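Here, residue 1 is the first one in the sequence, and each next residue gets the next number. Remember, predicted model here, so these are calculated numbers, not experimental data.
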Amino acid sequence: MKIECFEVGIAGANCYLVINEATKECVAIDPGGTSAALRDYLNDGNLKVKAILLTHGHFDHIMGITDMIGADSKVPVYVYADDQEFLKDEKLNASKSFVQSGYVYSDGISVTDGQELKLIGFTFQVIHTPGHTPGSCCYYMKEEKVLFSGDTLFKTSIGRTDLAGGSDEIYASIKERLFTLPEEVEVYPGHMSRTTIGYEKKYNPYVRS
């Protein structure tokens, strides 16, 4: 397995590609936009995007969906059930506040807590972590000890809760759900650099255990 990170979109969110190097297939996580570097990487590597995983429905994590999958593609786009409305509402996803035309996507496939998605030879387990949005979730690759945390957990920080649907549930989501994972698990967040569960338990001032 190989993981590549691209900073995309007007908010500079992290879009990750999880790559099966043997099959040249990949899963894209949070395509908040596209960039020349991302497009070139896919094209030069002859990589095929087989699925898109969304950690939540804010504009800076969804606005590259259409470009990435193509107009006629059948690539599935997975989002937690409680954030389906965010994809379909330009006010909830905040795209209308940043882009005049706004952005909506109506074909998301709902996932639920504990669900396991078997994609390109790997297993992604859904962990519901409400707080940043009602349907914020993380994707955990247990065998690889990797967590994609979206805007729930950052390096020495946490996601904001003052946007639509935000709540103080984020603290319980981190302490009771994410901090129960092994300390060596690598955390790939929606913004900024990667970290580990152990590092955040020790140094994160918002949720220090």
Side-chain angles (χ1 to χ4, degrees), residues 3 5 11-16 18 27-32 52-62 77-87 89 92-94 108-117 119 122-209:
I3 299 173
C5 178
N14 292 332
C15 173
Y16 296 102
V18 179
V27 170
I29 299 174
D30 287 348
I52 291 175
L53 306 182
L54 304 178
T55 60
H56 64 290
H58 281 152
F59 77 98
D60 55 328
H61 293 252
I62 69 173
V77 177
Y78 296 99
V79 63
Y80 201 83
D82 293 347
D83 263 22
Q84 281 282 11
E85 290 306 309
F86 278 68
L87 296 190
D89 188 322
L92 283 177
N93 66 42
I109 299 171
S110 291
V111 296
T112 56
D113 187 45
Q115 183 174 349
E116 293 186 345
L117 301 172
L119 304 166
F122 305 113
T123 299
F124 299 79
Q125 181 183 354
V126 179
I127 302 176
H128 186 207
T129 52
H132 183 61
T133 65
S136 284
C137 70
C138 301
Y139 296 96
Y140 179 41
M141 303 180 74
K142 183 177 181 179
E143 294 298 318
E144 292 76 17
K145 295 184 178 180
V146 165
L147 179 80
F148 297 96
S149 64
D151 285 5
T152 296
L153 180 64
F154 301 130
K155 187 172 185 178
T156 65
S157 189
I158 63 174
R160 59 191 293 182
T161 59
D162 59 337
L163 298 175
S167 74
D168 287 345
E169 287 183 277
I170 195 169
Y171 298 103
S173 291
I174 295 171
K175 290 182 177 181
E176 298 174 12
R177 306 300 309 274
L178 301 187
F179 280 4
T180 62
L181 299 176
E183 293 194 352
E184 63 269 26
V185 168
E186 284 196 284
V187 178
Y188 290 77
H191 299 269
M192 300 180 289
S193 59
R194 72 187 187 206
T195 182
T196 66
I197 292 294
Y199 187 91
E200 296 313 304
K201 288 174 71 173
K202 187 174 182 179
Y203 296 112
N204 194 309
Y206 297 94
V207 284
R208 188 178 297 158
S209 61

Taking side chain to side chain donor-acceptor pair (under 3.5 Å) as the definition, give me every residue that meets it alongside [X], ordered by chain and number, with sequence neighbours left out.
{"X": "N93", "value": "S95"}
{"X": "T55", "value": "D30"}
{"X": "S110", "value": "Q84"}
{"X": "T196", "value": "none"}

message: Could you check whether H128 and Y80 have their ring centres less than 6.0 Å apart?
response: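 Centroid separation for Y80 and H128: below 6.0 Å.
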- request: Output every pair passing salt bridge (Lys or Arg N to Asp or Glu O under 4.0 Å) with a member in residues 141-160, not counting sequence neighbours, ordered by first then second residue.
  value: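 As it turns out, the salt bridge (Lys or Arg N to Asp or Glu O under 4.0 Å) pairs with a partner in residues 141-160, which skip direct neighbours, are K145-E184, R160-D162.
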field: Sequence neighbours excluded, every pair satisfying salt bridge (Lys or Arg N to Asp or Glu O under 4.0 Å) that has a member inside residues 164-174
entry: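 Every pair satisfying salt bridge (Lys or Arg N to Asp or Glu O under 4.0 Å) with a residue in residues 164-174: there are none.
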Name all residues meeting the ring pair (Phe, Tyr, Trp, His ring centres under 6.0 Å) criterion together with [X]; count only those two or more places apart in sequence or in a different chain, and write none if there are none.
{"X": "F59", "result": "F98"}
{"X": "Y203", "result": "Y199"}
{"X": "H191", "result": "H61, F154"}
{"X": "F148", "result": "Y16, Y188"}

message: Is there a side chain to side chain contact (heavy atoms under 4.5 Å, CB included) between F122 and L117? Walk through the geometry before answering.
response: CA-CA 8 Å; F122 305 113; L117 301 172; over 6 Å; no
Taking every non-hydrogen atom, the tightest pair across [X] and [Y]:
{"X": "T161", "Y": "S167", "answer": "CG2-O, 3.3 Å"}
{"X": "V207", "Y": "Y171", "answer": "CG1-CD2, 3.8 Å"}
{"X": "D83", "Y": "G57", "answer": "OD2-N, 3.0 Å"}
{"X": "P189", "Y": "S149", "answer": "CA-OG, 3.3 Å"}
{"X": "P134", "Y": "G165", "answer": "CD-O, 3.5 Å"}

- prompt: Any sub-3.5 Å donor-acceptor pair from E200's side-chain atoms to T156's backbone N or O?
  reply: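 Answer holds: yes.
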message: Please check: side-chain N/O of D60 versus main-chain N/O of A11, any donor-acceptor pairing under 3.5 Å?
response: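 Checked: no pair found.
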- prompt: Between I29 and V18, is any pair of side-chain heavy atoms under 4.5 Å apart?
  reply: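 SC-SC contact between I29 and V18 confirmed.
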Test item: P31 and I62 side chains (from C-beta on) under 4.5 Å apart, heavy atoms: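 Result no, sub-4.5 Å side-chain heavy-atom pair not found.
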field: Pair N14-C5, side chain to side chain contact (heavy atoms under 4.5 Å, CB included): steps then yes or no
entry: CA-CA 6 Å; N14 292 332; C5 178; 3.6 Å; yes
Could you measure the distance from the [atom1] atom of [X] to the [atom2] atom of [Y]? Nearest 0.5 Å is fine.
{"X": "I127", "Y": "D113", "atom1": "CD1", "atom2": "CG", "answer": "8.0 Å"}
{"X": "N204", "Y": "I174", "atom1": "CG", "atom2": "CD1", "answer": "6.5 Å"}
{"X": "K201", "Y": "L181", "atom1": "NZ", "atom2": "CG", "answer": "9.0 Å"}
{"X": "Y139", "Y": "E116", "atom1": "OH", "atom2": "CD", "answer": "13.5 Å"}
{"X": "H132", "Y": "H58", "atom1": "NE2", "atom2": "NE2", "answer": "4.5 Å"}
{"X": "I170", "Y": "I158", "atom1": "CD1", "atom2": "CD1", "answer": "4.5 Å"}

- prompt: With D89, which residues qualify under salt bridge (Lys or Arg N to Asp or Glu O under 4.0 Å), at least two apart?
  reply: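 Counting only residues at least two positions away or on another chain, D89 forms no salt bridge (Lys or Arg N to Asp or Glu O under 4.0 Å).
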message: Test side chain to side chain contact (heavy atoms under 4.5 Å, CB included) on V146 and V185; report intermediate values, then the result.
response: CA-CA 5 Å; V146 165; V185 168; 5.8 Å; no
message: Walk me through whether Y78 and I52 qualify under side chain to side chain contact (heavy atoms under 4.5 Å, CB included).
response: CA-CA 6 Å; Y78 296 99; I52 291 175; over 6 Å; no
query: Judged by modelled atom types alone, do T133 and S136 share a side-chain donor-acceptor pair under 3.5 Å?
result: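 Yes.
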field: Residue list, side-chain contact (heavy atoms from CB on, under 4.5 Å) with S173, at least two apart or on another chain
entry: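 Residues passing side-chain contact (heavy atoms from CB on, under 4.5 Å) with S173: T129, P130.
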